[in-house]
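Computed from a predicted structure; not experimentally measured. Numbered from 1 within each chain, the chains take letters A, B, ... in sequence-line order.
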Amino acid sequence: MPDQLPEHPDWLWRTPDPKPSYDVVVVGAGGHGLATAYYLARNHGITNVAVLERGWLAGGNMARNTTIIRSNYLCEESAAIYEHALKLWEGLPEELEYDFLFSQRGVLNLAHTLQDVREGTRRVGANRLGGVDAEWLDPDEVRAFCPIVNTSPNVRYPVLGATLQPRAGIAKHDHVAWALARKADAYGVDLIQNCEVTGFVQDRDGRVVGVETTRGRIAAGRVALAAAGHTSTLTDLLGLRLPIQSHPLQALVSELLEPVHPTVVMSNHVHVYVSQAHKGELVMGAGIDSYNGYGQRGSFHQIEHQMAAALELFPIFARAHVLRTWGGIVDVTPDASPIIGPTPVANLFVNCGWGTGGFKATPASGWVYADTIAHGRPHPLAAPFALERFTTGALIDEHGAAAVAH
Amino acid sequence: MLLIACPWCGERDETEFHYGGQAHVAYPPDPEALTDAEWGEYLFVRANPKGEFAERWVHGAGCRRWFNVVRHTVTHDITAVYAAGQQPEDRNGVTA
């Protein structure tokens, strides 16, 4: 039997043993950690970098998201960083020499109430002023753009309109991670899997000078956390308290179906978001579980709620079967915006709090974080997202404003 | 779905309850005396342990009373339920 199997394809990255010391140690080999390492090398020439991963590469939220990419956020600080991401996405397949199925098929955010209509039209105006493509569609235009959405007035929450970002879309998340990993590896970055950080090494002045791991002590000039829902388990080791709470967030896919769904549809009000992967599965996201949790699974009633919403919007899905459901652990901040930048602990940087929407930000997150690490001060796009905002009160309140219900 | 034993109504499905986050976060006795950083920490920072966690729930679809629960945030095992205003029994590792 083994002689009938094809040769294993070439590996996309090396599997090195950790070196005793690096200029930068990135903790977490998800999308954001990999993008950070890639841009440290590409933009700043910093290649003596390790990315430590306690599990396997891109096995956390990078493997568990619904792959939606958009930049139609209300607050200008958010729109700026997500639009930077979208512009990077548009060039990344060529730059990374990897077709990760980035598809700008548009994202519809449906409005079901007068408040939704007001929020949507306001956000379209704000986006246009900020250089983000945005349109307002009436129900007939929604039906023309996505014929399978039920725009009948005879449902509990009729579709009153929608915002459309035509440049938004989806990408194949695993391949994004692998594309970034391959290029980072080619620059000389060490991607080290099955290597959990268990502690920090500090000098007499409290500066972080390395990490303790399950594969031994590794010295580091700077340590950059990119650990999403597990960030506070790391910062707790240093007595650094962060305003994040970790929650399970679930998604599911159907069996493979013929192409029926031409775009991405999100609805805050009935709360579901749906696209169709290239392979054919319907991909649906649900809401977070209310309680704190690290179990990478969620409550069944969330799935039930999500399916009810999906069927209200898409009666055509009534006979589709759920193939599998899963959960990731999202790190939610009080204002639903990320925390990026230096910390009160010298040489320690955080990039966390992306909550339910980190995938779309992947390239910009890596871009601004790499710049912040390289220069030891916040990148201009990251500056508004500094930890200090929870002292100054200058919050970037995307709860209810970010075109998604949290 | 969690099965939560309300101290007054007994075991009920999680959907009858609402979550209130970390328990035992006292209002600062003299808020005016706090620095901005201390006030910000009181407002925005809560424990986020991977393990046992003392937290508040309210039985919104039942007796509508708040109470405290010690739950493990990975296994979801509930090891203590006690009334609002009470402290959990002394136990190691509980973030109270």
Subject >> Heavy-atom neighbours of A:E312 CD exceed 12 at 6.0 Å >> reply: yes
Original post:
A:N292, A:I244, A:T391: which one forms the most heavy-atom pairs within less than 4.5 Å of chain B?
Top reply: A:N292
**OP:** Taking all non-hydrogen atoms of both residues into account, name the closest pair between B:R46 and A:R241 and its distance.
**Re:** C-NH2, 3.8 Å
Original post:
Measuring from A:S299:OG to B:D13:CG, what's the distance to the nearest 0.5 Å?
Top reply: 10.5 Å
**OP:** Identify which part of A:L395 has an atom lying under 4.5 Å from any heavy atom of chain B, answering side chain, backbone, both or neither.
**Re:** side chain
**OP:** Any chance you could measure A:S290, atom OG, to B:W57, atom CH2, to the nearest 0.5 Å?
**Re:** 4.5 Å
Subject >> More than 12 heavy atoms of other groups within 6.0 Å of A:W56 CH2 >> reply: no
**OP:** Return yes if some donor-acceptor pair links the side-chain N/O of B:E55 with the main-chain N/O of A:Y291 below 3.5 Å, else return no.
**Re:** no
Subject >> Part of B:E14 within contact of chain A (heavy atom distance under 4.5 Å) >> reply: side chain
Original post:
From B:N48 CG over to A:Q245 CD, what is the distance, rounded to the nearest 0.5 angstrom?
Top reply: 5.0 Å
Subject >> Beyond-backbone contact of B:K50 with A:Y294, side-chain heavy atoms, under 4.5 angstrom >> reply: yes
**OP:** For the residue pair A:H247 and B:Y19, categorise the inter-ring angle as parallel (less than 30°), tilted (30 to 60°) or perpendicular (more than 60°).
**Re:** perpendicular
Original post:
For A:T233, is it the side chain, the backbone, both or neither that has a heavy atom under 4.5 Å from a heavy atom of chain B?
Top reply: side chain
**OP:** Tell me, for A:D331 versus chain B, whether the close heavy atoms (under 4.5 Å) come from the side chain, the backbone, both or neither.
**Re:** neither
Subject >> Min side-chain heavy-atom separation B:H76-A:R297 under 4.5 Å >> reply: yes
Subject >> Per-residue contact mode, B:W39 against chain A (heavy atom under 4.5 angstrom) >> reply: neither
**OP:** Answer with side chain, backbone, both or neither: which region of B:T75 has an atom nearer than 4.5 Å to a non-hydrogen atom of chain A?
**Re:** backbone
Subject >> Spatial distance of atom CD1 (A:I329) from atom OG1 (B:T73) [nearest 0.5 Å] >> reply: 9.0 Å
